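Computed from a prediction, not measured in an experiment: that's the story for all the values here. Every heavy atom of this structure was used, including side-chain atoms; hydrogens, water molecules and symmetry mates were not.
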Amino acid sequence: MEMVASAPARMGLREIGDWAARVERIGFDVIHISETIHDPFTIAAMALSRTTRLTVRTSMALAFPRSPMITAYAAWDLATYSEGRFQLGIASQVRGNIVGRFSSPWSEPVSRLRDYIESLRAIFHSFQTGETLSHAGKFYRFDRLQPYFNPGPIDHSIPQIWMGGVNKKMCVLAGELSDGFVCHPTNSHPLILMTRTLPSIAEGAGGSLRGTPGPAVVANPQPMMTATRDALDALREPRRSELAFLYSTPAYRRQLEYFGFGEVGEALSDMARRSEWGDLAKHLTDEVMNRVVPQGTYEEIPTVLTEWYSGLCTGLSLPVPVDADHDDHLSELVERCKVIPTSSEPVPF
């Protein structure tokens with residue numbers, strides 16, 4: 001099982017290098033860099049500069065506010081600099097953020113992201129081969145890349161393209177076009193994987209020219225895990241607040257609905273519409289938390305994750321504590337999780 005560490009969303013340029021080096025020492029295979037309050041490519045560059053073995057993957061950079069060419073240059077630079085240790089994860093985000101926070105166009109997100117990925121692959125091909133750039137899609141058109149503006153080939157594999165998403169159509173698209181798929185924390189429960197996410201990815205892979213079993217799949221349950229039971233109880237409240245915010249987004253409520261907590265999701269969304277952010281957490285009861293979040297001490301959690309994810313995915317994303325007091329225990333935990341049986345090996349695009 002590929003073990004992934006998610007960089008804290010608020011971690012900036014001064015902190016990410018030391019954190020990445022620490023995560024590499026612990027034994028993780030991959031670092032995920034999110035896009036929330038920092039530019040993910042800049043953060044990724046700093047993480048790569050302080051590591052020698054880790055893969056660094058954006059999870060997820062926002063596609064629509066950026067031209068595919070801008071994204072391609074950033075990914076190519078990072079892949080070149082790291083000698084192939086960078087992977088590009090991109091996603092659509094929800095309409096409210098793209099329009100209201102980035103003032104960017106939003107329409108037909110699945111079709112637009114398909115065109116975006118096909119544009120990236122055409123650009124990467126032209127970078128690597130020097131052949132004429134020619135892509136004409138519904139949303140993006142590229143037909144000009146003079147040699148002066150072409151960075152030229154790299155000596156290792158071109159950046160993999162990963163996707164994330166929640167709804168069925170986006171999962172189908174991932175199965176068809178992506179090298180890998182990162183589940184959202186709100187659709188990483190094994191029952192959701194088995195009944196919704198994986199069948200949709202398989203549908204896309206089966207309908208493409210790539211064959212099966214399709215892309216790699218990283219589950220992202222963000223389990224609650226600490227050294228002691230008392231510490232686990234203390235972790236519950238901040239985790240409750242984070243999940244309540246995520247589930248307040250209508251597109252992310254399906255996991256709650258699946259387990260019969262639809263009214264909780266509706267209440268959270270209503271409060272978000274009224275900007276009542278401080279009171280969200282009170283609606284996410286312990287009953288809900290215990291149902292949707294794997295949890296346990298460092299000693300217990302490998303067994304819990306084995307029971308949840310054995311044979312279902314190719315990677316698991318875990319949080320890393322801010323302090324390094326228990327890194328020896330965390331390193332042992334990571335090694336134990338690496339031997340969890342995975343799903344079938346993915347077929348590269």
Side-chain angles (χ1 to χ4, degrees), residues 1-62 66 70-91 124 127 151-162 164 179-180 182 185 216 218-220 222-223 225-227 242 298 314-338:
M1 188 72 72
E2 180 183 79
M3 299 308 298
V4 181
S6 297
R10 304 196 70 85
M11 185 167 284
L13 293 174
R14 292 183 183 276
E15 302 86 19
I16 188 63
D18 288 343
W19 185 88
R22 174 189 164 211
V23 164
E24 186 170 67
R25 290 194 301 271
I26 290 171
F28 282 93
D29 304 301
V30 179
I31 290 176
H32 275 174
I33 306 295
S34 64
E35 179 161 24
T36 50
I37 63 170
H38 299 293
D39 174 73
F41 299 107
T42 308
I43 299 294
M46 295 299 291
L48 288 165
S49 73
R50 293 290 304 278
T51 55
T52 60
R53 175 186 56 80
L54 278 170
T55 295
V56 176
R57 179 186 301 143
T58 52
S59 180
M60 294 285 163
L62 303 188
R66 298 181 174 91
I70 298 296
T71 300
Y73 278 132
W76 207 255
D77 279 344
L78 290 172
T80 302
Y81 171 70
S82 65
E83 299 182 339
R85 291 192 293 121
F86 175 76
Q87 295 177 353
L88 174 63
I90 55 173
F124 285 167
F127 284 176
I154 51 182
D155 296 330
H156 35 266
S157 59
I158 65 175
Q160 288 189 6
I161 298 176
W162 284 59
D179 295 295
V182 180
V218 171
N220 186 23
Q222 294 298 287
M225 55 186 207
T226 58
E242 180 185 5
Y298 292 147
T314 60
L316 285 170
S317 178
L318 303 181
V320 177
V322 174
D323 64 76
D325 294 347
H326 302 286
D327 278 5
D328 288 345
H329 296 293
L330 191 57
S331 181
E332 181 181 349
L333 181 159
V334 167
E335 290 305 310
R336 288 174 61 194
C337 287
K338 284 183 178 182

Tell me if the CD atom of Glu335 is crowded by more than 12 foreign heavy atoms within 6.0 Å. yes
Using a cut-off of 6.0 Å, state whether more than 12 heavy atoms not belonging to Arg14 lie near its atom CZ. no
Can you tell which of Arg25, Arg85, Glu24 makes a side chain to side chain donor-acceptor pair (under 3.5 Å) with Thr51? Arg85
Residue pair [X] / [Y]: nearest heavy atoms and the distance that separates them:
{"X": "Val218", "Y": "Ser317", "result": "CG1-N, 4.0 Å"}
{"X": "His156", "Y": "Thr80", "result": "NE2-CA, 3.8 Å"}
{"X": "Ile33", "Y": "Ile16", "result": "CD1-CD1, 4.3 Å"}
{"X": "Thr314", "Y": "Met1", "result": "C-SD, 3.4 Å"}
{"X": "Pro40", "Y": "Ser34", "result": "CB-O, 3.8 Å"}
{"X": "Pro159", "Y": "Ala79", "result": "CG-CB, 3.6 Å"}

Examine distances only and state if a side-chain atom of Arg66 and a backbone atom of Leu62 form a donor-acceptor pair shorter than 3.5 Å. yes
Sub-3.5 Å donor-acceptor pair from the side chain of Asp179 to the main-chain atoms of Trp162, do we have one? no
Roughly how far, to the nearest 0.5 Å, is [atom2] of [Y] from [atom1] of [X]?
{"X": "Glu83", "Y": "Ile154", "atom1": "CD", "atom2": "CD1", "value": "11.0 Å"}
{"X": "Trp19", "Y": "Met11", "atom1": "CH2", "atom2": "CE", "value": "6.5 Å"}
{"X": "Ser6", "Y": "Ile31", "atom1": "OG", "atom2": "CD1", "value": "10.0 Å"}
{"X": "Glu2", "Y": "Cys337", "atom1": "CD", "atom2": "SG", "value": "13.0 Å"}
{"X": "His32", "Y": "Met60", "atom1": "NE2", "atom2": "CE", "value": "6.5 Å"}
{"X": "Leu333", "Y": "Lys338", "atom1": "CG", "atom2": "NZ", "value": "11.5 Å"}

What residue among Leu54, Thr55, Val4 forms side-chain contact (heavy atoms from CB on, under 4.5 Å) with Phe28? Leu54
Are Phe86 and Tyr81 an aromatic pair by the rule of ring centers under 6.0 Å? no
Quick note, side-chain hydrogen bond (donor to acceptor under 3.5 Å, both in side chains) partners involving residues 320-332, not counting sequence neighbours, are Arg22-Asp327
